[in-house]
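On a predicted model such as this, the values are computed, not experimentally measured, just so you know.
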Amino acid sequence: MVTAQMLLFALLGLVLAQRAMELRLAKRNEVWARGRGAREFGAGHYPAFFVLHGAWLLAWPLEALGRGPELGPGWALWLTLFAAAEGLRLWAIASLGPRWNTRILVLPGEPLVVSGPYRWISHPNYVAVVVELAALPLVFGAWRTAAIVGACNLVLLLGVRIPAEVRALRSGA
């Protein structure tokens with residue numbers, strides 16, 4: 001029988017492995033993009049996201065372990081939403097190919113990607129992250145982490161990141 005604690009550690013391990021692979025992919029894609037003349041925008045806000053996501057990776061397991069850990073109310077729904085967000089994130093990354101990055105890197109003269117989820121949503125990766133940052137903690141009833149990190153993430157996304165990305169893409173680098 002799978003316990004809540006076993007599920008917590010399995011999901012934490014999955015997310016840690018995913019983040020590590022994404023950072024490696026982002027670095028490889030950064031080298032590729034800079035080799036083709038890409039310009040970076042919004043580098044000043046990058047550390048804030050790094051710290052926020054690192055804090056999230058610590059906060060939700062600690063809050064959950066402090067509760068027992070137990071599965072939270074509606075845990076199956078939250079787990080399903082988390083899985084759907086992960087699918088959307090992977091689809092967005094695959095659709096951008098080597099142009100995907102954790103940084104805002106714009107290749108001069110390249111058209112916007114309008115395939116995959118970008119056909120319908122301007123920022124599918126950000127939608128996935130918003131859902132992920134809330135859903136995974138809520139699997140374990142860690143509502144404080146979901147609320148605080150979620151609010152901070154929205155402020156950074158809507159107030160800083162997305163406007164910087166829109167300006168960068170409009171500039172055509």
Side-chain touch Phe49/Leu157, heavy atoms, less than 4.5 angstrom: yes
Set of residues satisfying side chain to side chain donor-acceptor pair (under 3.5 Å) with respect to Thr102, sequence neighbours excluded: Tyr46
Transitive ILVMFWY side-chain link Leu71 to Phe9, under 4.5 Å: yes
Closest non-hydrogen atom pair, Pro69 against Ala4: O-CB, 3.7 Å
Verify same cluster id: Val166, Val130 (apolar side-chain graph, 4.5 Å): yes
Residue pairs passing the salt bridge (charged side-chain N to carboxylate O under 4.0 Å, His left out) test where at least one lies in residues 114-127, sequence neighbours excluded: none
Show me, pair by pair, the donor-acceptor contacts under 3.5 angstrom made by side chains of residues 146-155, not counting sequence neighbours?
none

Nearest non-hydrogen partners of Leu88 and Pro124, listed with the distance: CD2-O, 3.5 Å
Residue pairs fulfilling side-chain hydrogen bond (donor to acceptor under 3.5 Å, both in side chains) with at least one residue in residues 15-24, sequence neighbours excluded: Gln18-Glu22, Gln18-Glu86, Arg19-Glu132, Glu22-Arg89
Same apolar cluster: Leu90 and Leu11, side chain cutoff 4.5 Å: no
Contacts of Thr3 that satisfy side chain to side chain contact (heavy atoms under 4.5 Å, CB included) - sequence neighbours left out: Gln5, Met6
Qualifying ring-ring contact (aromatic ring centres under 6.0 Å, His included) pairs, either residue in residues 93-118, two or more places apart: none
Min side-chain heavy-atom separation Arg36-Leu107 under 4.5 Å: yes
Nearest heavy atoms of Ala168 and Val106, plus distance in Å: CB-CG2, 3.7 Å
Side chain to side chain contact (heavy atoms under 4.5 Å, CB included) partners of Leu16, counting only residues at least two apart: Leu12, Leu57
Of all pairs that satisfy side-chain hydrogen bond (donor to acceptor under 3.5 Å, both in side chains), the ones with a partner from residues 61-77, not counting sequence neighbours: Glu63-Thr145
Pro73 vs Trp78 side-chain heavy atoms within contact, under 4.5 Å: no
Heavy-atom side-chain contact between Val139 and Leu8 under 4.5 Å: no
Hphob cluster co-occupancy, Leu52 + Leu158, side-chain heavy atoms under 4.5 angstrom: yes
Sub-4.5 Å side-chain heavy-atom contact between Ile93 and Leu25: yes
Verify same cluster id: Val51, Leu156 (apolar side-chain graph, 4.5 Å): no
Note, Glu165 side chain near His123 side chain (heavy atom, < 4.5 Å): yes
Summary of ring-ring contact (aromatic ring centres under 6.0 Å, His included) pairs that have at least one residue in residues 140-170, sequence neighbours excluded: Trp60-Phe140
Side chain to side chain, Leu105 and Asn29, heavy atoms closer than 4.5 Å: no
Phe82: partners by ring pair (Phe, Tyr, Trp, His ring centres under 6.0 Å), with sequence neighbours left out: none
Phe41 vs Arg167, side chain to side chain contact (heavy atoms under 4.5 Å, CB included): CA-CA, chis, key distance, verdict: CA-CA 9 Å; Phe41 293 81; Arg167 283 190 304 274; over 6 Å; no
Any Val129 side-chain heavy atom under 4.5 Å of Trp56 side chain: no
Qualifying residues under side chain to side chain donor-acceptor pair (under 3.5 Å), relative to His53, sequence neighbours excluded: none
Closest contact, heavy atoms only, Leu112 versus Arg99: CA-NH2, 4.3 Å
Which residues share a side chain to side chain donor-acceptor pair (under 3.5 Å) with Arg103, sequence neighbours left out: Glu40
